[in-house]
Amino acid sequence: MNDLSPAPELANETARRRTFAIIAHPDAGKTTLTEKLLLYAGMLRTAGMVKNRKTGKLATSDWMSMEQERGISITASAMQFEYKGHIINVLDTPGHQDFSEDTYRTLTAADSAIMVLDASKGVETQTRKLFAACKLRGVPVLTFINKCDLPGRDPLELLTEVEEVLGIQASAMNWPVGMGRDFVGVVDRVSGDLLAFRKTAAGGAQRASMERIPLGSEHAAEVIGPELAVKMRGELEMLAIAGNPYSHEAFRAGKITPVFFGSALTNFGIEPFYDAFIDMAPPPSPRMATKLDGTPILIDPVTSPFSAYAFKIQANMDPKHRDSLVFVRICSGRFERDIVVKHYHRGAFVREMRLSRPQTLVARDRTTLDVAYPGDVVGLVNAGFAIGDTILAQSGPAKDGFEHAPLPQFPPECFARVMPADLTKRKSFDKGIAQLSAEGAVQVLRSWENPMGDPFVAAVGRLQFEVLRYRLKDEYNVETEVADLPYQCSSWLVGDVSTFKPTHGSYLAKDLRGKPVVLFPSEWDKRYCAQQNPDHQFVEIL
Ligand code: G4P
């Protein structure tokens, strides 16, 4: 019998989806790993197509640099493809100078994350920040320790660093035998086999050739050699005694990270990691939401009606269209073109609307989309949503609707005073700043003492200011001047503001919601201020 009823289809489609983001410090290998995930999914004939660094030519899926050339960063969207029966949604989390609130917000749309570390560097700053955002929501994180084909740090030391710096237990799923030129392969700790690494003539452009050899066999002994064998045995014994055993429950709860060693450039370890990933990483799961009267409600991806929330807005992507695209992540139900939804903004019903121009975004080509499922990301053109808004296809009165959890605010690290170059443009300038901050392009802060004074803008990454200037000119016809302010980090202040003792160089401001936020010239000043105010809490993410 041909069962065409929507419920089983929705359950199957949801179960086979893996929506995740890759978090990494610049240069750890995020682009290379993404490319290899595409290669192994059959999306690329040979690797090197995503970004051809040698020729500097843009490949089809690299639309990012193009936007940079036009002076507007933006970026993050999703790539979708199929791997071994699973639908993979990779959310792009821009790094480098593009690092912005979008990078953080995108993580809220992910059901899991892959953390890529460079084996010679370990945990670096940007990884730490992104990891903190995952930890806040209990997002399960898998760790891929990359570049094992180059001389790296001691693997045991790397595991300890993950645990100590990030505050999560690490469980090695495989173990490298040798590193750099001596890199032989990894021991799969589940099967106990050696996955021997073989360089192919095609380098990393084709799938890696990998041989699975039982560890106790003569062949394995030959491949490993006597010297490495001693070291390996010692390390494996140590892991067996002192290492953390893998627990699926603890991983799903974000309490333990399974760790894999490999090399994205040479493809070594990619396939076993990929297979483990689709096996371990969760499909879209229930999420907590809030009804309009404030009561919490659990939204199930399969049994709840269609719902999604906006996590990113990309304006003026295409100069020919002059439009904005809002990216929504589907949390529950089946999405169809022309679906009629209710739109909610900050606890209030806004309007009912038909979604007639849904888009998926692969490279710069927009493809009109007919149906999508929980975990998928849909682009909606000129939809008039703000970041964090919920859309919901629920019959019944609007007051019975719900909203997905509001997006957290992330601590800005760049601060500037922005003024219109021509003072007669003040009105358009104020309007632009108000709208762009409502959209989440920048945060607007005011002095706590003198809230009527000039506002200043704050962002996670400096490029957000460039985007702001560009958009103020392009959309509001206002040229601006930006003067950097000497602060490098900030925290929200929790406690009685009247008893807060400001330290030298710190500055007390108010965010748009009226919450107190303290700005500091350096991390050192931040720590010192916290010491001087032991009765207050200094919160990084609100
Ligand atoms: P990112 O997106 O995280 O910033 O890193 P990306 O993948 O661009 O990788 C950064 C550099 O590290 C690249 O070299 C890349 O080839 C190299 N790389 C990535 N993974 C591995 C690996 O497993 N082993 C080795 N040996 N190198 C790796 P590049 O010199 O910047 O570019 P290219 O000239 O190689 O293209």
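Start at 1 and go down the list; that is how both ligands and their atoms are numbered. All values below come from the heavy atoms of this structure, side chains included, with hydrogens, waters and symmetry mates left out.
- Heavy atoms from both the backbone and the side chain of Asp27 come within less than 4.0 Å of ligand 1.
- Around atom CD of Glu157, more than 12 heavy atoms belonging to other residues, nucleotides or ligands sit under 6.0 Å away.
- Every N/O-N/O distance between Leu33 and ligand 1 stays at or above 3.5 Å.
- Within the structure, the closest approach of Ala24 to ligand 1 does not fall below 4.0 Å when heavy atoms are considered.
- Counting heavy atoms under 4.0 Å from ligand 1, residue Pro26 touches it through the backbone alone.
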Full working for salt bridge (charged side-chain N to carboxylate O under 4.0 Å, His left out) between Asp188 and Arg212:
CA-CA 9 Å; Asp188 176 357; Arg212 188 177 272 277; 3.5 Å; yes
Could you go through the side chain to side chain contact (heavy atoms under 4.5 Å, CB included) check for Ile23 and Cys134 one step at a time?
CA-CA 9 Å; Ile23 58 175; Cys134 291; 4.1 Å; yes
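- Residues Phe277 and Phe260 keep their aromatic ring centres 6.0 Å or farther apart.
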Derivation and outcome, salt bridge (charged side-chain N to carboxylate O under 4.0 Å, His left out), residues Glu237 and Arg233:
CA-CA 6 Å; Glu237 272 167 27; Arg233 250 184 259 121; over 6 Å; no
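- Here the shortest heavy-atom distance to atom 15 (C) of ligand 1, taken over Val116, Thr34, Thr31, Thr32, belongs to Thr32.
- Taking distance alone, with nitrogen or oxygen atoms compared against 3.5 Å, Ala264 approaches ligand 1 more closely than that limit.
- Heavy atoms of Leu265 found under 4.0 angstrom from ligand 1 belong to the backbone as well as the side chain.
- Looking at Lys129, Arg462, Gln488 one by one, the single match for side-chain hydrogen bond (donor to acceptor under 3.5 Å, both in side chains) with Glu413 turns out to be Lys129.
- Residue-ligand proximity, Lys30 to ligand 1, at heavy-atom distances under 4.0 Å covers atoms 1 (P), 2 (O), 3 (O), 5 (O), 7 (O).
- Geometrically, ligand 1 and Thr266 share no nitrogen or oxygen pair separated by less than 3.5 Å.
- Listed by atom number, the atoms of ligand 1 under 4.0 Å from Leu150 heavy atoms are 25 (C), 26 (N).
- Salt-bridge annotation for Lys147 and Asp27: absent, with no side-chain N of the basic residue lying under 4.0 Å from a carboxylate O of the acidic one.
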